**Q** 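Quick one: the structure is below, and I'll ask about it shortly.
Order of the sequence lines sets the chain letters (A, B, ...), proteins ahead of strands, with each chain counted from 1. Everything quoted here is computed from the prediction, not taken from an experiment.
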2 protein chains.
Amino acid sequence: MQRVRIKDVAREAGVALSTAALALRDDTKLRPETRRLVRDAAARLGYVYDRSAALMRSGKSHTIGLLVCEITNPFYAELTAGVEEALDEAGFVVMLANTSESVARQRRMLERFREQPVDGVLIMPATGTPPGLLEDLERWRLPHATVVRSFRRGAHAGPDNRAGTRLATEHLLALGHRRIAFLGGGARNSVSRERWDGYARAMAKAGLASEHLPCRTDIGEAAALVQALPADGPTALVCFNDSVAFGATLGLLRSGRLPGRDVAVIGFDDIREAAAWFPPLTTIRVSPRGMGQAAARVLLERITQPEGPPRREILAPRLIVRESCGAPLRPKG
Amino acid sequence: MQRVRIKDVAREAGVALSTAALALRDDTKLRPETRRLVRDAAARLGYVYDRSAALMRSGKSHTIGLLVCEITNPFYAELTAGVEEALDEAGFVVMLANTSESVARQRRMLERFREQPVDGVLIMPATGTPPGLLEDLERWRLPHATVVRSFRRGAHAGPDNRAGTRLATEHLLALGHRRIAFLGGGARNSVSRERWDGYARAMAKAGLASEHLPCRTDIGEAAALVQALPADGPTALVCFNDSVAFGATLGLLRSGRLPGRDVAVIGFDDIREAAAWFPPLTTIRVSPRGMGQAAARVLLERITQPEGPPRREILAPRLIVRESCGAPLRPKG
DNA sequence: CGCGGCGAGTGGAACGTTCCATTGTGGAGG
DNA sequence: CCTCCACAATGGAACGTTCCACTCGCCGCG
C-alpha cells in the first residue's frame, strides 16, 4: 500500500517509465492511443503527480510567495483574493505570509520563500521597509513585484493615488467646500505620501491651505479624533481610506453631527462595505481585486521574461458618488 | 555564478558532504567547532537551503494547505491570520486557496495540494460540501482538520455555537424581551444549524415561540430585510453573525429606529469592527484568531501522531455586553 | 594486551521526476 | 535495394538533499 509512482503506472500500462511520464504530461510526441493507455493505467492505480520531484529536476515550482502587510484589513483581503484567483488560473499556487506590518517578519518570510523555493514573490511592503530589501531581491535574482505600495523601481501594480485624492478634493471643491482637511495617513510609505500629495496639490491649485489630521488606519482612532473636532472645524474630510472614513462618520454621529449634511466625508478604495454604510460612502474606487489580478499578471510576466524591463501598471481610480458628501440625503427625521 | 549547494559548502569548509549537511542542521553528533566551520563557509558562499530536495528525500514538506471558504469575510481573514501565525511558529508554511464557497474549486485545490505535496490540510468547508470529501481525505491518508464548520468526524477546532446563541438569547430574555427573532443563517452547514438550534432551544425553554428571518450573510441584504420590518415586529434580534448584525443596525437607522433603544441587536463573532460600531455591538466573542491557532495545533498533532484519535477542540464563547442591546428594558416593553 | 564501545566523521544509495541522447521501425525518395 | 528521415518509444543521468551503514581513532576495562 505504497504511494503510486510513474514507474508503477508504466509497468501497469506496459510501457517504459519515460513514456509514461511523457503520456501523463500529454506530450504530442506520443500516439494518442498510448497516452490513453497510460492515463487509464494511472487512473486505475490512483496515481498522484509529485510536484516536489518535478521541481527538483526542472527548477520550476509553479509556486509564488505572497507577502501581505495585513490580511485582516478588508482591502488587502480582497486584493489577496484577486491575486490568488489570477495565479490559480495560470496554474500557480500561493504561499501566504501575513507580515502584520512587521519588517522583521517580512524579511524572515522572504528568506523562507527563497528556501522553499518559489518562482517569484508578490509583496505588499510593510510600512517602513528599507530600500535594501529591493536590492536583496535583485541580488538574489528572485522575480518580484509589488502591489499598492511600491519601491522606487521594479515591477508593480497599484492605483494612481495622486489622481485619486485630486479627484476627491476637486469634487468637494465643486460642491462649494473651502475648509477641507485630510484625515489619516502620515505613515512613511509611498501610498500615504501620494494620497496626501494629490490632495495638497488640488488645494494649492484652488489657492487654499492644506490641513492634516494624522491618525493610524483604524476605525476607532479615526472616530475618536473626529468626535473631538470642534464645530468650527473643517466642513469636509478627504480620508486616507474607507476604514478611516468609516471612523469619521462614526465620530460625527457620536458627536451628534450627521455625515453628509453637517460634514462631508469622502473615502478611498471603495471596499465592499462602503455602499452599505450609513450613509452610503462617497469614495474613490480602485478595485482591490482587479489590482491583485493585475499584480499577478505583472509578476508572471517577470517570471517568464526575466530579461525584459519590469512593467509598472498604474490603474486609474474612479469617483463613486454616494451620499456621504451631501448628495441626496434620505429624508429621515 | 551558479546556485551554491551543500557540496560547495563542504568543499569550502574542507569536510565531507554529509558532514556539511549535518552541520547545517546543527546536529549534535558533530563537534561545535566543525559546525561553526561549516556555518561560516555557508555564510561566506551565500548558501541557501533547498527545501524541495529535502522534501523529496524525507517526504516532509513542512507545508500545509489552507482552504478558506471566503477570505474577504473579515472573520475568516482574521482566522487565516491566526492559522498562519501558529503554523509559522511551528516552522510550517501555508499554501493558500480561497474557495469563494465553491465546492468545485475546493475539490480542485485539494487535489492540487495533494500533488504539491503538503503535509496536511486545514479546511473551512465551503457551504454544501458533500460528506464524500471527508471520505476521500481519509482514503488519501491526508492529515486534515476543519475549522469553524465541521464534518461529522475528524480533527476540528471551532466555537460552541449552540452555547453562543443560547447565551445571547438568555441575555435578551433577562433584559425582558419576549419577542426575539433569529436573523440570518439558514445555509446548509453545521454553523447555521447549531446557532439556530441554540437560540431555538433557549426560546423553547422559556416557553416562547421561535421566529426565523433568513437572509444571506451580507450587510446589504440584512439591512434591507430589517428596514422593511414592521413597527410591531420583534423587539430583539439574535443575529447569525456580526456582519448580519451590522446590517441590522443600518436597517434600523434607515427606518428611523435606534438600535439598542428601539430594537436590541446582538451579534456573533466579535470581529474587530464590532467595538467601534455605532452603537458598539453587543456580541458573542469567539476569537477567530484564537480559533485559527487552535486549529493549527490540532492539525499539527494529527500530522505528528497520525495513529491517535483526531482531537476536537470546542471553544467556549463569551458574551460581550456593549450598547446595541440598550439598557434593561422597562416593564413597558 | 586485546576487545568493546563511543564519538566524530564519511560514503553512497535513494527519493520521483525531467531531460537528453539514443534505438528501432516503416515509408518515401533516389 | 539502399539511404535517409520522421515518428514513437526507450534508457539512463541528473537534480540536492537525507538517511543509513560504515570507518577510524581513542579510551577504559578486565
**Q** How close do Ala86(A) and Ala296(A) get, heavy atom to heavy atom, and via which atoms?
**A**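 Between these two residues, the closest heavy atoms are CB-CB, 3.7 Å.
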**Q** State, with a plain yes or no, whether a side-chain heavy atom of Met95(B) is found less than 4.5 Å away from one of Thr63(B).
**A**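 The answer is yes; the side chains approach within 4.5 Å.
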**Q** Any side-chain hydrogen bond (donor to acceptor under 3.5 Å, both in side chains) pairs touching residues 51-60 of chain B, not counting sequence neighbours?
**A**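 Sorted pair list: Glu115(A)-Arg51(B), Asp50(B)-Ser52(B).
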**Q** Excluding sequence neighbours, so at least two apart, what forms ring-ring contact (aromatic ring centres under 6.0 Å, His included) with Tyr49(A)?
**A**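 Scan of Tyr49(A) (ring-ring contact (aromatic ring centres under 6.0 Å, His included), adjacent residues dropped) gives none.
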**Q** Considering non-hydrogen atoms only, spot the tightest contact between Leu66(A) and Phe113(A) and give its length.
**A**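 In terms of heavy atoms, the two residues are closest at N-CE1, 3.8 Å.
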**Q** Between Thr127(A) and Arg149(A), is any side-chain donor less than 3.5 angstrom from a side-chain acceptor?
**A**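 Yes, a side-chain donor-acceptor pair sits under 3.5 Å.
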**Q** Using the test ring-ring contact (aromatic ring centres under 6.0 Å, His included), find all partners of Phe151(A) that sit at least two apart in sequence or belong to another chain.
**A**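 Here no residue qualifies.
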**Q** Would you please test Arg107(A) and Glu111(A) for salt bridge (charged side-chain N to carboxylate O under 4.0 Å, His left out) and show each step?
**A** CA-CA 6 Å; Arg107(A) 170 104 209 159; Glu111(A) 287 177 355; 3.3 Å; yes
**Q** Rounding to 10°, can you tell me the angle the first-five-pair axis of the helix from dC1(C)-dG30(D) to dG30(C)-dC1(D) makes with its last-five-pair axis?
**A**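 Rounded value for the end-axis angle: 60°.
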**Q** Out of curiosity, Leu45(A) CG to Arg5(A) CZ, how far, rounded to the nearest 0.5 Å?
**A**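 If I round to the nearest 0.5 Å, the distance is 11.0 Å.
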**Q** Near DNA chain C, which residues from residues 29-42 of chain B have a heavy atom under 4.0 Å away?
**A**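 Within this stretch, Lys29(B), Leu30(B), Arg31(B), Thr34(B) sit under 4.0 Å of the strand.
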**Q** Tell me the closest heavy-atom pair linking Ala155(B) and His144(B), and the distance in Å.
**A**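 Nearest heavy atoms, Ala155(B) then His144(B): CB-O, 3.6 Å.
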**Q** If a protein heavy atom is under 4.0 Å from the base, mark B; if only from the sugar-phosphate, S; if neither, -; do that for nucleotides 14-21 of chain C going 5' to 3'.
**A** BBBBBB--
